[in-house]
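Atoms considered below: every heavy atom in the structure, side chains included; atoms not considered: hydrogens, waters and symmetry mates.
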Amino acid sequence: TIVREVHGIVAAIKRDVTDTRAVLETWAQNLLVERKTSKTYIPLDFVQLQALLQARRYGEMQKGGEQIHANLNRSQKVLRANRGSPQFKAYVDYINGILINGLAAGAIASLEYLLRQIDPDTLQRSDINPLLEVQLRLTGAGVTFVPPLGHVTKSKDGGAEVEVVGIRD
């Protein structure tokens, strides 16, 4: 009957939306930054650890993106919708909104975690070691970081600019 057919379509669409949200929730739970709270890192070790973690996370995100794409394709087939129809475009916009919110939640979760790892009050309250150890040495007319962080140059206003190794645009 028509009622059962509509019920099946609605159930399939709900399942695809729920599956999409579940993929995005894993991205917010599996942070893009992690560390051992009992360890203080030198910058290069921390950058290398994060590069390995991020490669793994990006692989997970790629698989999740493929799953989300498959969900969208399945929804399109269940609805028997033309991809160019205004109704299906509205559905795609709805899914895009879910994606944007999910990506934002993942980024916010990782940034909040990183903030907790560098906030002095949180570190002291939670008995967590500092994240990084870098020494600043004043030498003659310059500044030296141990271990080296990058290149220090004079800025136009007479101050110093530091190009940090391991940080990319």
*What distance separates N30 CG from R56 CZ, expressed to the nearest 0.5 Å?*
9.0 Å
*Say whether I100 and L24 are linked into one hydrophobic cluster, either directly or through other cluster members, by side-chain heavy-atom distances under 4.5 angstrom.*
no
_Side-chain (S75) to main-chain (I13) donor-acceptor, under 3.5 angstrom_ = no
*Could you grab the distance from atom CD1 of I9 to atom NZ of K14, nearest 0.5 Å is fine?*
14.0 Å
*Supply the atom-to-atom distance E34 CD to Q50 CD, rounded to the nearest 0.5 angstrom.*
7.0 Å
_Is there a side-chain contact between T37 and Q117 in this structure, where contact means two heavy atoms from C-beta onward sitting under 4.5 Å apart?_
yes
_Tell me whether the count of non-hydrogen atoms from other residues, nucleotides or ligands lying under 6.0 Å of CG in D93 goes above 12._
yes
*Look at atom CD of Q48 and say whether more than 12 heavy atoms of other residues, nucleotides or ligands are closer to it than 6.0 Å.*
yes
*Can you check whether R74 reaches D19 side chain to side chain, under 4.5 Å on heavy atoms?*
yes
_Treating R137 as the side-chain partner and V146 as the backbone partner, does any N or O pair qualify as donor plus acceptor under 3.5 Å?_
no
*Interatomic spacing from CG in D119 to CZ in R125 - rounded to 0.5 Å*: 7.0 Å
*asked:* Tell me the closest heavy-atom pair linking A28 and A109, and the distance in Å.
replied: O-CB, 3.5 Å
*Cluster question for you: counting only ILVMFWY and a side-chain heavy-atom cut-off of under 4.5 Å, with indirect links fine, are L132 and V33 together?*
yes
*Side-chain heavy atoms of R35 within contact of N129, under 4.5 Å*: yes
*Identify the heavy atoms of R116 and L123 that sit nearest to each other, and give their distance.*
O-CD2, 3.9 Å
*Should Y94 and F88 be regarded as members of a common hydrophobic cluster, given that ILVMFWY residues are connected when their side-chain heavy atoms come within less than 4.5 Å of each other, either directly or indirectly?*
yes
*asked:* With a 4.0 Å cut-off on N to O distance, would you call E66 and K63 a salt bridge?
replied: no
*asked:* If I take atom OH from residue Y58 and atom CG from residue L32, how far apart are they, to the nearest 0.5 angstrom?
replied: 5.5 Å
_Evaluation steps, side chain to side chain contact (heavy atoms under 4.5 Å, CB included), between H7 and T1_ = CA-CA 10 Å; H7 180 269; T1 69; over 6 Å; no
*Side chains of R21 and N101: is there a donor and an acceptor less than 3.5 Å apart?*
no
_I want to check something: taking the side chain as every heavy atom from C-beta on, are Y41 and V47 in contact at a cut-off of under 4.5 Å?_
no
*How many angstroms lie between atom CD1 of I118 and atom CG of L131, to the nearest 0.5 angstrom?*
8.0 Å
*Give a yes or no answer on whether the side chain of Q76 reaches the backbone of A81 with a donor-acceptor pair at less than 3.5 Å.*
yes
_Using the rule that Ile, Leu, Val, Met, Phe, Trp and Tyr join whenever any side-chain heavy atoms are under 4.5 Å apart, tell me whether F46 and L44 fall into a single cluster._
no
*asked:* Please find the pair of heavy atoms, one from V23 and one from Q67, that lie closest to each other, and give the distance.
replied: CG2-CG, 4.1 Å
*Is I108 reachable from M61 through a run of hydrophobic residues whose side-chain heavy atoms are each under 4.5 Å from the next?*
no
*Around Q124, counting heavy atoms of other residues, nucleotides and ligands shown, do more than 12 lie under 6.0 Å from its CD?*
no
*Please say which of L99, V17, D16, V92 ends up in a side chain to side chain contact (heavy atoms under 4.5 Å, CB included) with L72.*
V92
